[in-house]
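No hydrogens, no waters, no symmetry mates; every other heavy atom, side chains included, goes into these values.
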Amino acid sequence: MANNILQYGHVYAWGREHGRKTMSMRFAYKYPYFHICDTKHHNFATYVFAKYAAKWGLIPTVTFSDDEAQNRRNEDIMQQKRMLVVTGWEAHWYDLFLKYKAEILALFAFHEDIEEKVKILGDSLNLGVHIRRGDYATFYDGKFFYSDEQYVGVIRRFLALHPDKKVRVFICGNDPKLDKDYYWRELSACEVVFPDGNPGEDLCLLSHCDYLMGAPSTFSLVAAMYHDRPLYWIMDADAPLHDNSFGYFDDLFQHIL
């Protein structure tokens, strides 16, 4: 979902700069959590039309990859054609994304019922932790597939940076077998919450936390984008943690693995 938000954000920004209307295939039917899903052309009928028109060659498709020369040719085609499908994770226009970032955030504003459900109350310092398992067992040969012990270690180092604060830790992730009792037991010095929401609710909740951390993932990255929250991508689970270990979206989104 987060990958698709970023991918469409780039294409939307290119379209805005060049006076072209755009729509997202994914947010026409798959992820119903955002304002964009209620906008013109974002519906299942448009999705079906675009999907099969591209499949049958009625409209062209350009695919962005690591081939820079081909990507330049793709952009030439985008300039020439009034209707086409853009695919590929390498469709990047970083400067344009930042130029139209406020509009992109408005498109991906959460529905009000989601905002109400995940509202964070109280005077705690809220830390959002995204635990990525699943496909990370093989991603980069499992380099970022961290254990519960490693996540607890990083959280403890965060607590040590804020000894005078009451910290509440919200833990979201994609591991249905996460040992919650272990976290509650090992992090008894703070309040630990497992929201167990749907992807939209988890993303929204993380976006409201004061600090974010997790294995390098676009999910935590997009969460950080909403309110410009400091994000610590755990590149080494045993590394020391400092205030300057945290980065911000405008820089990090240009260095996705």
Answer whether the closest heavy-atom distance between the side chains of Gln254 and Leu98 falls below 4.5 Å. yes

Calculate, to the nearest 0.5 Å, the distance between atoms CG and NZ belonging to Asp123 and Lys166 respectively. 6.0 Å

Above 12 or not: heavy atoms from other molecules or residues under 6.0 Å from OH of Tyr182? yes

Would a distance-only check, ignoring hydrogens and angles, find a side-chain to backbone donor-acceptor pair under 3.5 Å from Glu116 to Asp113? no

Determine whether the aromatic ring centres of residues Phe139 and Tyr136 are separated by less than 6.0 angstrom. yes

Answer yes or no: is there a side-chain heavy-atom contact under 4.5 Å between Met213 and Ser220? no

Transitively linked via ILVMFWY side-chain contacts under 4.5 Å: Val86 with Met83? no

Looking only at atom types and distance, does a side-chain atom of His130 sit under 3.5 Å from a main-chain N or O of Gly214, one as donor and one as acceptor? no

Under 4.5 Å between any side-chain heavy atoms of Val167 and Glu191, yes or no? no

Count the heavy atoms belonging to other residues, nucleotides or ligands that lie under 6.0 Å from CG of Asp179, then report whether that count exceeds 12. yes

When the ring centroid of Phe158 is compared with that of Tyr211, is the distance short of 6.0 Å? yes

Heavy atoms only: give me the nearest Tyr29-Met25 pair and the separation to one decimal. CD2-O, 3.2 Å

Are Leu241 and Ile155 linked, directly or through other ILVMFWY residues, by side chains that come within less than 4.5 angstrom of each other? yes

Taking a hydrophobic cluster as the set of Ile, Leu, Val, Met, Phe, Trp and Tyr residues connected by side-chain heavy atoms closer than 4.5 Å, whether directly or through intermediates, do Ile114 and Met1 fall within one such cluster? yes

Among Arg16, His10, Glu17, whose side chain to side chain donor-acceptor pair (under 3.5 Å) with Tyr100 holds? Glu17

We want to know whether His42 and Thr39 form a side-chain donor-acceptor pair, criterion being a heavy-atom distance below 3.5 angstrom. yes

Can Cys172 and Leu206 be said to form a side-chain contact (heavy atoms from CB on, under 4.5 Å), step by step? CA-CA 8 Å; Cys172 303; Leu206 290 176; 4.1 Å; yes

Do Met23 and Leu84 belong to the same hydrophobic cluster, where Ile, Leu, Val, Met, Phe, Trp and Tyr are linked whenever their side-chain heavy atoms lie under 4.5 Å apart, directly or via other members? no

Can you tell me how far NZ of Lys51 sits from NZ of Lys55, rounded to the nearest 0.5 angstrom? 6.5 Å

Full working for side-chain contact (heavy atoms from CB on, under 4.5 Å) between Lys21 and Lys40: CA-CA 10 Å; Lys21 295 186 182 299; Lys40 190 176 182 179; over 6 Å; no

So Arg20 and Arg82, do their side chains get closer than 4.5 Å, heavy atoms only? yes

Decide yes or no on side-chain contact (heavy atoms from CB on, under 4.5 Å) for Leu6 and Ile256, but give the supporting numbers first. CA-CA 11 Å; Leu6 293 176; Ile256 299 173; 3.9 Å; yes

Say whether, by atom type as modelled, one donor and one acceptor occur between the side chain of Asn71 and the main chain of Ser65 under 3.5 angstrom. yes

Test item: Ser207 side-chain N/O and Ala223 main-chain N/O as donor-acceptor pair under 3.5 Å: no

Search all heavy atoms of Phe64 against all heavy atoms of Glu90 and return the closest pair with its distance. CB-C, 3.6 Å

Does a donor on one side chain sit under 3.5 Å from an acceptor on the other, for Thr22 and Tyr8? yes

Are the aromatic rings of His227 and His208 close, with centres under 6.0 Å apart? yes

Please check if the side chain of Ser217 supplies one atom and the backbone of Phe219 the other of a donor-acceptor pair under 3.5 Å. yes

Do Leu125 and Arg168 come within less than 4.5 Å of each other through their side chains, counting heavy atoms only? no

Determine, using ring centers only, whether Phe249 and Tyr226 are less than 6.0 Å apart. no

Restricting to non-hydrogen atoms, name the atom on His242 and the atom on Leu161 that form the minimum distance, rounded to 0.1 Å. C-CD1, 4.0 Å

Separation of Tyr31 OH from Ile36 CD1 (nearest 0.5 Å): 13.0 Å

Under 6.0 Å between ring centres, would you say that holds for His92 and Phe97? no

Which pair of heavy atoms, one from Leu127 and one from Leu212, lies closest together, and at what distance? CD1-N, 4.3 Å

Parallel under 30°, tilted from 30 to 60°, perpendicular over 60°: which one fits the rings of Tyr232 and Phe246? tilted

Only one of Trp233, Tyr248, Tyr94 clears ring-ring contact (aromatic ring centres under 6.0 Å, His included) with Phe253; which? Tyr94

Going hydrophobic residue to hydrophobic residue with side-chain gaps under 4.5 angstrom, can you get from Tyr146 over to Leu159? yes

Polar side-chain atom of Asp175 near backbone of Arg133 as donor-acceptor pair, under 3.5 Å: no

Within a radius of less than 6.0 Å around CG of Asp141, do more than 12 heavy atoms belonging to other residues, nucleotides or ligands occur? no

Between Phe27 and Phe34, ring centroids under 6.0 Å: yes

Taking all non-hydrogen atoms of both residues, which atom of Lys101 and which atom of Asp250 are closest, and how far apart? NZ-OD1, 2.7 Å

Here the pair of heavy atoms bringing Thr63 nearest to Thr87 is OG1-OG1, 2.8 Å

Salt bridge check, Glu75 against Arg72: does any charged N sit closer than 4.0 Å to a carboxylate O? no

Suppose we call two aromatic rings close when their centres sit under 6.0 Å apart. Are Phe110 and Tyr33 close by that rule? no

Any side-chain heavy-atom pair from Met225 and Val222 closer than 4.5 angstrom? yes

Determine whether Ile171 and Val193 make a side-chain contact, defined as any pair of heavy atoms from C-beta on separated by less than 4.5 Å. no

Quick one: does Asn126's side chain have a donor or acceptor within less than 3.5 Å of a partner on Asp210's backbone? no

Heavy-atom side-chain proximity of Gln70 to Asn74 below 4.5 angstrom: yes

Side chain Trp184, main chain Val192, donor-acceptor under 3.5 Å: yes

Interatomic distance, Leu178 atom CG to Phe194 atom CZ [nearest 0.5 angstrom]: 5.5 Å

If you measure from CZ on Arg132 to OH on Tyr151, what distance do you get to the nearest 0.5 Å? 9.5 Å

Could you state the interatomic distance from CD (Gln150) to CZ (Phe145), rounded to the nearest 0.5 Å? 10.5 Å

Pairing donors with acceptors under 3.5 angstrom, does anything connect the side chains of Tyr183 and Asp148? yes

Closer than 3.5 angstrom, by distance alone: can the side chain of Asp236 be matched with the main-chain N or O of Asp238 as a donor-acceptor pair? yes

Ring-ring centroid check Trp14 His18, cutoff 6.0 Å: yes

